[in-house]
Amino acid sequence: MQKLPLRPLRLQRLGPPEPSRESKKLLAARAELENKPAQKNAENTIAENTILPTLTGQDPLTQGGLRWKGIEREGTMPDMNVSSTSTTRTMPETESSQEAGAARNLLKRTPNNYLFNQVYGLWFYISSFLFTIIITRNLGPGQYGVYSIVQTAMNTLLYVLALGLEDAVATFVPRTIAERGDAAASQLTRYLLTIRLAVLVVSAVIMLFGLPAAAALIGLIPTASAHSLAAGMNNEVLHRYSIPITLYILGSGISNLLGALCSAQMRSHIVLVVGGISQLLLLALGFVLLNLGWGVTGILWLQAGVALFYAAAFIVWQAPFLRVTLKSYRPSVPAIMKLSLSAWVTNIASGALLKQASIILLGIYAVSVVQIGYFNLSFQLADAANTLLVSGFLGVGGAALSAAFAGDNYDRLGKTWQVLIKIETLIEAPALVFCLFNANNIAFALYGTKFIGVGPLLAIFLLFNLLVRLLGATIHQYGLYVTGKARFVVLSQWIGIAVIFAVGALLVPIWGAAGALVADGVAKTVTGILLLIFILPGLPLQYAKDVLVFTLRILLALIVAALPWLIWHPESRLMLGVSGVVFIVLCVGMLLIIKPLSKKDIEMLDSLNSRATAIARYFARA
């Protein structure tokens with residue numbers, strides 16, 4: 001019998017396939033950043049990231065690009081695009097070219113969408129002011145009081161029923177578009193829209209048929225605020241106009257969500273067109289109805305009809321997007337609800353309680369009604385000065401940060417974060433500084449001698465609004481939302497509310513309305529500082545340093561430009577306008593000298609809007 005030669009067996013270790021040459025180069029470059037042997041990092045990385053890909057026999061490092069998911073541990077390899085000064089950071093995954101292209105496309109549309117939003121915001125302010133004038137000139141004091149009660153109730157209900165869903169749209173939809181496409185984003189939007197419709201339907205049933213029962217249940221709560229709310233719900237005016245109120249809430253609830261969707265898609269021109277036409281209809285038809293003698297009833301039914309038209313127009317325009325579906329995609333319900341509820345609590349704190357807390361303190365310490373009126377005017381005027389020129393970033397800024405974070409790209413998030421802060425500061429800070437140095441003159445020009453006491457109070461709150469603007473608090477809030485840290489936003493806002501009561505209890509008895517404004521200002525500043533502290537660990541340090549240098553430079557330029565107003569105090573509206581033009585010229589001159597922008601800012605701006613880059617180069621350092 002012939003013997004077959006036997007070769008010795010060779011044991012082979014079963015494991016992941018050998019990484020490709022390109023992958024080895026990437027790993028070697030990453031290893032050099034940590035001064036670690038490339039081979040050790042490659043073995044550790046492959047062992048940690050190839051469980052699922054090895055089942056299919058594909059190279060885990062080259063399939064769709066190098067991807068790092070779910071790693072959050074000290075000592076891990078830093079991303080190549082992230083500053084190596086940070087030692088602890090969630091590993092961003094290197095996205096595919098499709099994700100990068102989609103994110104870049106959304107970011108490129110940000111400047112134009114800011115302009116669309118800004119134009120609509122200005123038109124909304126102007127049209128609302130004109131609408132108020134039309135109402136006050138055609139309604140008596142009693143009828144206007146009824147209208148004010150109903151309007152306050154409708155706005156409060158919209159606040160309560162929002163549940164933070166607009167913030168969820170701005171946070172999740174842009175990133176979903178970049179990472180998974182329009183079909184997945186459409187499915188996510190339909191899910192959020194279903195929640196909104198369910199809440200609105202239940203609320204409509206309660207408002208139409210169960211308002212007395214709901215008021216009775218709330219009245220059982222043994223607190224003064226609950227009893228006050230129950231009494232308000234039993235108001236005869238609300239029962240009389242329950243149908244137009246319900247229709248208005250239904251239309252506004254749908255249109256608010258779809259308007260947020262337009263901003264998330266960077267399609268704000270839809271809001272400009274639909275919203276602009278709606279406001280125009282409200283003005284024209286409101287003037288006609290009031291002159292026909294329809295009074296409060298006609299105005300409320302008109303607002304309900306316009307709200308339904310607004311919602312229907314959005315639905316028709318967004319129908320092609322909403323019809324697309326991706327059955328394999330399932331939205332992350334826990335993440336969505338966690339952010340929505342956090343945003344809802346935050347919005348209630350910042351939107352309703354911030355001012356109301358000071359009003360409560362003023363009432364407790366028996367401050368005069370005149371001082372409370374001064375406080376209200378100063379608060380509203382300073383807030384308007386702080387937001388008027390940057391209202392276009394509402395929604396668009398959050399969408400830009402969400403798109404930038406596609407693929408967990410912290411480097412691109414950091415770039416977008418610092419660009420948004422710089423743009424908001426560059427646009428709004430000069431206006432705040434001018435108003436700060438001319439607070440008395442502005443108050444006199446707007447309100448006359450009867451409200452001359454508003455000027456000093458306005459200056460106090462403008463100073464704190466300037467500090468908050470320089471801190472970039474609004475951008476930090478959206479940054480924490482998109483990185484999954486909404487709980488820190490809630491914590492910061494409620495610490496701010498606690499600060500109002502603590503500081504107000506000390507200052508309101510001494511300074512009255514001025515003490516309440518200082519308490520509000522300190523609270524907003526503390527909140528902004530906390531948001532900055534919470535967001536910085538997740539961003540490359542180089543961008544925080546860049547923002548600091550920019551802020552110091554622009555602050556120096558604005559202070560120098562405002563020095564003439566220490567001795568020049570224009571009183572007439574004409575001279576106040578002339579002084580504004582002079583201030584703008586001085587600001588531009590100082591910015592040309594100090595040059596607050598860096599070379600990296602110009603490169604980032606050039607990738608978004610080449611036309612704006614030609615102007616911005618004059619304000620950039622070589």
Side-chain angles (χ1 to χ4, degrees), residues 52-53 56 63-70 90 92-110 113 163-198 254 256-268 270-271 314-343 395-410 412-413 416 478-479 481-484 486:
L52 180 60
T56 60
Q63 182 188 11
L66 183 62
R67 305 179 69 85
W68 302 75
K69 287 190 177 181
T90 302
E93 59 176 67
T94 301
E95 69 240 293
S96 66
S97 59
Q98 182 179 359
E99 289 178 1
R104 196 181 308 114
N105 181 47
L106 287 173
L107 291 174
K108 281 185 176 182
R109 287 151 55 186
T110 301
N113 279 268
L163 297 182
L165 294 180
E166 284 80 8
D167 293 278
V169 170
T171 301
F172 291 106
V173 169
R175 187 175 179 183
T176 304
I177 291 174
E179 293 181 345
R180 298 178 178 272
D182 285 348
S186 173
Q187 191 154 330
L188 171 61
T189 303
R190 289 198 304 274
Y191 173 76
L192 294 172
L193 187 58
T194 301
I195 297 176
R196 170 58 54 85
L197 289 174
I254 297 173
N256 287 345
L257 188 70
L258 294 181
L261 173 64
C262 294
S263 297
Q265 297 171 300
M266 296 298 178
R267 300 174 69 195
S268 296
I270 300 177
V271 180
F314 271 131
I315 292 173
V316 172
W317 205 319
Q318 290 283 12
F321 171 80
L322 294 173
R323 283 200 301 264
V324 182
T325 186
L326 182 64
K327 295 182 179 180
S328 60
Y329 173 69
R330 293 292 181 272
S332 177
V333 177
I336 292 172
M337 298 311 300
K338 182 179 179 181
L339 183 133
S340 297
L341 294 177
S342 297
V396 172
L401 290 171
S402 177
F405 196 54
D408 291 347
N409 194 318
Y410 281 90
R412 188 170 57 218
L413 176 67
T416 307
Y478 281 116
Y481 282 166
V482 301
T483 53

Is the backbone N or O of Ala404 less than 3.5 Å from a side-chain atom of Thr416, with the two atoms forming a donor-acceptor pair by type? no
Whether Ser186 side chain and Asp182 backbone form a donor-acceptor pair below 3.5 Å: no
In Å and rounded to the nearest 0.5 Å, what is the OG1 to CD distance from Thr189 to Gln318? 8.0 Å
d(Leu192 CG, Leu261 CG) to nearest 0.5 Å is 9.5 Å
Checking Asn113 side chain against Arg267 main chain: does a donor-acceptor pair fall under 3.5 Å? yes
Under a 4.5 Å cut-off applied to non-hydrogen side-chain atoms, are Ile336 and Leu188 in contact? yes
Kindly say whether Arg175 contributes a backbone atom to a donor-acceptor pair with the side chain of Ser402 at under 3.5 angstrom? yes
So, for Leu106 and Ala403, which heavy atoms are closest and what is the spacing to 0.1 Å? CD1-CB, 3.7 Å
Nearest 0.5 Å please: distance from the CH2 atom of Trp317 over to the CD1 atom of Ile270. 5.5 Å
For the pair Thr176 and Gln187, evaluate side-chain contact (heavy atoms from CB on, under 4.5 Å) and give the outcome as yes or no after the intermediate values. CA-CA 10 Å; Thr176 304; Gln187 191 154 330; over 6 Å; no
Decide yes or no for Ser268 and Cys262: does some side-chain heavy atom of the first lie under 4.5 Å from some side-chain heavy atom of the second? no
Of all heavy-atom pairs between Val396 and Met266, which one has the smallest distance, and what is that distance? O-CE, 3.7 Å
With a 4.5 Å limit on heavy-atom distance, are the side chains of Leu257 and Phe314 in contact? no
Return yes if some donor-acceptor pair links the side-chain N/O of Glu179 with the main-chain N/O of Gly407 below 3.5 Å, else return no. yes
Is any side-chain heavy atom of Val169 less than 4.5 Å from a side-chain heavy atom of Phe172? no
Does Arg196 reach the main-chain N or O of Asn256 with its side chain, forming a donor-acceptor pair under 3.5 Å? no
Value rounded to 0.5 Å, distance of CG in Leu339 from CG in Leu165: 10.0 Å
Contact summary for Arg190 and Val324, nearest pair of heavy atoms: NH1-O, 2.6 Å
Look up atom CD in Glu166 and atom CG in Leu258, then write down how far apart they are to the nearest 0.5 Å. 9.5 Å
Calculate, to the nearest 0.5 Å, the distance between atoms CG and CG belonging to Leu401 and Leu107 respectively. 9.0 Å
To check you understand the geometry: which heavy-atom pair defines the closest contact between Ala264 and Ala170, and what is its length? CB-CA, 4.4 Å
